[in-house]
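Below is one structure, written out as C-alpha cells; the observations come after it.
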2 protein chains.
Amino acid sequence: MPKLKDEQKLAAIQTATLRLVIRTGFSGLKIADVAREAGIGTGTMYVYYSDKEQLIEDVYLTTKKEIAAVLFDPAHLSDTFQETFKRMWLAYFGFCLQQPEKMLFVEQFLYSGLISEDLIAETEAMFIPLDNLLIQAQEQGLIKKVSVEIAKAFIQGAIHEVVKVITKKEYRLIQGELEKCFEMAWGSIKI
Amino acid sequence: MPKLKDEQKLAAIQTATLRLVIRTGFSGLKIADVAREAGIGTGTMYVYYSDKEQLIEDVYLTTKKEIAAVLFDPAHLSDTFQETFKRMWLAYFGFCLQQPEKMLFVEQFLYSGLISEDLIAETEAMFIPLDNLLIQAQEQGLIKKVSVEIAKAFIQGAIHEVVKVITKKEYRLIQGELEKCFEMAWGSIKI
DNA sequence: TTGGTTGTCGAATAAATATTCGCCTACCTT
DNA sequence: AAGGTAGGCGAATATTTATTCGACAACCAA
C-alpha cells in the first residue's frame, strides 16, 4: 500500500499497467515500460509498489471494486426483477464496452494462475448481493434453477466474449443490436 | 515445423506446454520447465521448436484443429437445426469440460496480444461452416438475427465461462444440470 | 539564505531465463 | 565388432528484465 504519495501518479501507473497488460500480456509487462508509459522513472515505481506482483494485485483489486460499484448502483433497483436485471446487465455491458482493458485485465488475471486464493476470496465476497438477487428470483420462479455460480458465469461469459469480439474487430453494434443482445441474455435465464 | 522427429516426444512437449501455460500463465512458461515436464533435455526443445514463440503457435494451431474436428463431426448433422445445434453444443461443452487446459490455452493466447494476425486469420477460416449453419438458421427464422460473430461469441463465451467456474471450483454438475445449461444456450438464440 | 528533508531519477547490479554448443550415447551398416 | 551417424544432453553463455542505490532536484522551515 502506498503511504499517501502522489495520487495522480498512482493513477497513471495503474492506467499504464492496464494498457500494457492488454497489449502484451502479463508476460510482456515490464516495470520499465510501465514507468515510461506513466511518465516516471523506473526507480520511482518501487516507491509505490514493492514489486510487480503487488502492482498487479492492486490494479486487480481496484478494478474489481469499480465493477462492483457499477453493478450495485442503487439506481438499478426496480419493482420487478426483470427490470433490475436489465439495468444491471446494461450497466455492466456498457462498462465492458467502454473500458475493455479493465474487463480483459480482470479476466486474464483471474485465470492466469498468478492470483492468490486470498485475493480471489476477497473479491468474490463483493458480489454476494448479486447471488442473493438471483436466488430470490429463482425462488419466485422467475428464472431457471441452476447453481447461481453457473448462472452468473453464463451471463458474464457471454457479455465478455461479445465485448471482446466487438473490440477486437472494431465492430459497431447496429441499431437495436444491443437490445437483441439483452434479449439473448434474458432468454437464457428466464423460465 | 519439426521435420519428422519423434512424434511421441512432440506430443509430450505439447501436453507439457498446455499444462504449464495454464498453471503459470504465458509469463511463467519456461522452456526448461517444459523440457523437464516432457522428460527431455533443455537443448532438445530446440530440435523441435526454434523458439518459444513457435512452440506456442504450434500448440495453438494443433488445438484449434482439434476443436474444429470436434465441432464438425459429421455425426452431428441432423434434419432439424435445433438438433444439429444441440449435438454440436454438447460436443463442444464436453470437450471443454474434459480438456479445459486446451480451452483455456486457446482463449488466453487469442487475447494475449502475442498472437499474429496471420495465425488468427488462418484459424478463423476453419470455422466458416459454423457461420453458414447459423446464417441459414437465421434465414429460416429459427434463431435471432444478430451478427453471426456476436451469436458465436455469446454461445462460446457462456460455455467457456461456465466450464471455467466448474473447473476452478471443482464443481460437479448435478442431475439434469447439463440439460439446463443447454436450455439456457438454446433459449438465448431461439426466436 | 541555508541546511535538511522528501521525492525522483536512471545507470549499475543482480537475478532470471533463453539459447548455444561441444560432448556423449545408442543405434545403425558393413 | 568397428566405424559412422543422428539424436540427445545440460552446463556454459548470452540476453533480458527486475531491483537497488548513490546522486540530484525541489521544496520547506528556521
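Lettering follows sequence order; numbering is per chain, from 1.
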Starting from [atom2] on [N], measure out to [atom1] on [X] and report it in whole angstrom.
X: D33(B); N: dA16(C); atom1: CG; atom2: P; result: 13 Å
X: L55(A); N: dA18(D); atom1: CG; atom2: P; result: 11 Å
X: M45(A); N: dT19(D); atom1: CE; atom2: C1'; result: 12 Å
X: R36(A); N: dA18(D); atom1: CZ; atom2: P; result: 12 Å
X: L10(A); N: dG7(C); atom1: CG; atom2: P; result: 13 Å
X: E53(B); N: dT17(C); atom1: CD; atom2: C1'; result: 16 Å
X: I31(A); N: dA15(C); atom1: CD1; atom2: P; result: 17 Å
X: D51(B); N: dT15(D); atom1: CG; atom2: P; result: 15 Å

*Of all the choices, dT19(D), dC9(C), dC9(D), which nucleotide is nearest to the side chain of I40(A) once you look at every atom?*
dC9(C)
*Of the candidate nucleotides dG8(D), dT17(D), dA18(C), which contains the atom at the shortest distance from the side chain of K30(A)?*
dT17(D)
*May I ask you to decide if the ring planes of F182(B) and F85(B) are parallel, tilted or perpendicular, using 30° and 60° as cut-offs?*
tilted
*Does the side chain of Y49(B) get closer than 4.0 angstrom to OP1 or OP2 of dT19(C) through an N or O atom?*
no
*asked:* Is there a side-chain contact between K9(B) and the phosphate of dG8(D), meaning an N or O under 4.0 Å from OP1 or OP2?
replied: yes
Determine all donor-acceptor pairs shorter than 3.5 Å in which one atom belongs to a side chain in residues 29-36 of chain A; sequence neighbours excluded.
residue : atom : partner : partner atom : Å
D33(A)  : OD1  : R36(A)  : NH2          : 3.1

_With K65(A) via side chain to side chain contact (heavy atoms under 4.5 Å, CB included) - residues at least two apart_ = L61(A), M126(A)
_Which residues pass the side chain to side chain contact (heavy atoms under 4.5 Å, CB included) test with L77(A), not counting sequence neighbours?_
T84(A)
*Using a cut-off of 4.0 Å on non-hydrogen atoms, how would the nucleic acid contact of L29(A) be classed: base, sugar-phosphate, or nothing?*
sugar-phosphate
*Sugar-phosphate means primed atoms, P, OP1 and OP2; the rest is base. With that split, encode nucleotides 20-27 of chain C 5' to 3' as B, S or - using protein heavy atoms under 4.0 Å.*
B-------
*Kindly determine whether E161(B) and K168(B) satisfy salt bridge (Lys or Arg N to Asp or Glu O under 4.0 Å), including the steps that lead there.*
CA-CA 10 Å; E161(B) 195 66 28; K168(B) 182 169 274 277; over 6 Å; no
*Residues forming a side chain to side chain donor-acceptor pair (under 3.5 Å) with E107(B), sequence neighbours excluded*: H160(B), K164(B)
Which side-chain N or O atoms in residues 184-191 of chain A pair as donor and acceptor under 3.5 Å with protein atoms at least two apart or in another chain?
residue : atom : partner : partner atom : Å
S188(A) : OG   : A185(A) : O            : 2.5

